[in-house]
There are 2 protein chains.
Amino acid sequence: MSLPHAILTALLEKPSSGLELTRRFDRSIGYFWSATHQQIYRELGKLEQAGFIRALPSDQPARGQKKEFEVLPAGRAELTQWASGRHDPKPQRDALLLRLRAAAVVGCEGLDDELRRHLALHQRQLAEYTEIERRDFAAPASADDRLRRLVLRAGISLETFWVEWLAEALAEVAEVGAAEVAEVAEGADTGGPDAPGDASA
Amino acid sequence: MSLPHAILTALLEKPSSGLELTRRFDRSIGYFWSATHQQIYRELGKLEQAGFIRALPSDQPARGQKKEFEVLPAGRAELTQWASGRHDPKPQRDALLLRLRAAAVVGCEGLDDELRRHLALHQRQLAEYTEIERRDFAAPASADDRLRRLVLRAGISLETFWVEWLAEALAEVAEVGAAEVAEVAEGADTGGPDAPGDASA
DNA sequence: TCTCTCATGTAAGTCGTTACATGATTTC
DNA sequence: GAAATCATGTAACGACTTACATGAGAGA
């Protein structure tokens, strides 16, 4: 149940229409919570229904007309409670790590190209974050800014991790690929254990 | 569409029943692709329907009886294609970072307890990974093992990131909390910009 | 027999993704 | 006035979550 709270946070930072929210989810908020415009419109309807937000008065509340929302006290209360509550971290899902484990079984054909492609993507994202930090957080700032900078630093560290790990992975895959070729040449077939932490599986 | 491929990988590593798969998803595979037993049974049905896996011959194929599956050639081919294809990384979603950004708007009440709790959880996970590496990957090993160790190292690095970042976050929140108290005492109210990267929002 | 655990499933509902529909405003 | 763009939606489907149902075997 995080999307409604993401929207409440965004609307508290600045009252917006659905499409404006969508654009903000493509940038800052979307860096750690993505959403499409269909999700956003649906949630805006639910939040309005629940009395957490309301549409700002407008002359023509019709289809195709801009419709801005602001947060009501009940919405702020809901967000405050959610932010201060206890929620366990969700188990992560990462398809690339899964594919690497699959490659350990079916072979590494073409894997290095994909790793290089991901490396480039993460390098670009890291550069974007670094630029934002340089531009918006050069000087010591307000309490709000310090917290937002902290969030940005998480993004920078995560992208740095990926860049470093992908470089390591490329080196490893190159060596493994060479070893596989050698093994095939010898007709060798080492079974090997099941997997990390899978001692009894 | 990653879950069926996660199951194919697991079944190639070792033919298993639904519940055995569930247990393995609670440990090794679940470290980067979690799934419940309901998801797994449903996918097993689809994979069998599609001709990617088959149930091993059994005397009593009845409800409540164990039913083991193995991967068919078509299933291996499907997995090989998926593992070597191109798939962009999905935008990450992290509720804790979202809550921190919400806290920047509605206040940090109780946030430090939650950060400490998450820190403990990640420290435990990191210890578990480190133990697995020590136990299962002490010696240089086969190509398969090297790739699986690489995946495990990703887990270790990610947990290390969280532990370090949470420590930083705790320090920052403590300072921000103190500053907020001081601001309230003075009646100050600094507006501050919208958000990282949100220059025009 | 009663209960606990193993093992496989059903059902309902929410969340997320993809494709499409429709009205309003601006620009050539 | 035709086309592009802004803006708000609908519809359908698949993925995921939560709760519950059912049967088989093992032990008290």
Side-chain angles (χ1 to χ4, degrees), chain A residues 1-7 11 15-26 29-30 32-50 53-56 58-69 82 87-95 98 200-201, chain B residues 1-7 11 15-26 29-30 32-50 53-56 58-69 82 87-95 98 200-201:
Chain A
M1 292 280 290
S2 293
L3 179 57
H5 301 101
I7 291 176
L11 287 180
S16 305
S17 68
L19 195 59
E20 282 167 359
L21 278 175
T22 301
R23 298 223 176 87
R24 293 171 64 193
F25 271 81
D26 282 341
I29 295 178
F32 46 89
W33 203 274
S34 64
T36 63
H37 83 270
Q38 291 86 347
Q39 280 180 279
I40 289 168
Y41 282 118
R42 200 201 290 160
E43 282 303 328
L44 283 173
K46 287 186 192 172
L47 288 168
E48 193 177 21
Q49 203 72 27
I53 64 174
R54 67 162 189 181
L56 289 177
S58 160
D59 296 335
Q60 297 182 354
R63 187 178 185 128
Q65 291 293 99
K66 191 150 107 175
K67 193 172 158 194
E68 292 205 303
F69 292 92
W82 177 77
H87 308 280
D88 285 336
K90 279 209 177 175
Q92 288 299 309
R93 285 184 173 158
D94 188 282
L98 190 58
S200 64
Chain B
M1 291 279 288
S2 293
L3 179 56
H5 301 101
I7 291 176
L11 287 180
S16 304
S17 67
L19 195 59
E20 281 167 358
L21 279 176
T22 301
R23 297 224 177 86
R24 293 171 64 194
F25 271 80
D26 281 341
I29 295 177
F32 46 89
W33 203 275
S34 65
T36 64
H37 82 272
Q38 291 86 346
Q39 281 179 278
I40 288 168
Y41 282 117
R42 201 195 311 140
E43 281 304 328
L44 283 173
K46 287 186 193 172
L47 288 168
E48 192 177 20
Q49 202 73 26
I53 64 174
R54 67 162 190 181
L56 289 177
S58 160
D59 296 334
Q60 297 182 352
R63 186 177 184 128
Q65 291 295 99
K66 191 150 104 177
K67 193 172 158 193
E68 293 205 302
F69 292 92
W82 177 77
H87 308 281
D88 285 336
K90 279 209 177 174
Q92 288 300 307
R93 285 185 173 157
D94 189 281
L98 190 57
S200 63

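Treat the numbers as computed from the prediction; the structure is a model and nothing was measured. The analysis underlying the following values was restricted to heavy atoms, covering all of them including side chains, and did not include hydrogens, waters or symmetry mates. Here is the naming used below: chain letters follow the sequence lines, and residue numbers restart at 1 for every chain.
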Just how far, in rounded Å, is P of C:dT10 from CG of B:Leu44?
13 Å
Please give, in whole Å, the distance from C:dA7 P to B:Leu21 CG?
12 Å
Please list all pairs passing the side-chain hydrogen bond (donor to acceptor under 3.5 Å, both in side chains) test where one or both residues lie in residues 39-50 of chain A, with sequence neighbours left out.
none
Tell me the interatomic distance from A:Leu47, atom CG, to D:dT8, atom C1', rounded to whole angstroms.
16 Å
Can you list the residues that meet the side-chain hydrogen bond (donor to acceptor under 3.5 Å, both in side chains) rule with B:Gln92, with sequence neighbours excluded?
none
Nucleotide of D:dA7, C:dA7, C:dT8 approaching B:His37 most closely (side-chain heavy atoms):
C:dT8
Looking only at side-chain N and O atoms, does B:Tyr41 come under 4.0 Å of OP1 or OP2 in C:dT8?
yes
Check the distance between D:dA24's C1' and B:Lys67's NZ and give it to me in whole angstrom.
16 Å
Across all chains, not counting sequence neighbours, the side-chain hydrogen bond (donor to acceptor under 3.5 Å, both in side chains) partners of A:Ser17 are none
Measure from CD1 on B:Ile40 to C1' on C:dA7 and round the result to the nearest Å.
13 Å
Encode nucleotides 11-17 of chain D as B, S and - characters from 5' to 3', where the letter depends on protein heavy atoms closer than 4.0 Å: B to the base, S only to sugar-phosphate, - to neither.
-B--SBB
Taking only residues two or more places apart in sequence, or in another chain, which ones meet B:Ser2 in a side-chain hydrogen bond (donor to acceptor under 3.5 Å, both in side chains)?
none
Set of side-chain hydrogen bond (donor to acceptor under 3.5 Å, both in side chains) partners for A:Glu20, sequence neighbours left out:
A:Lys66
Please work out whether the ring planes of B:Trp82 and B:His87 are parallel, tilted or perpendicular, with thresholds of 30° and 60°.
tilted
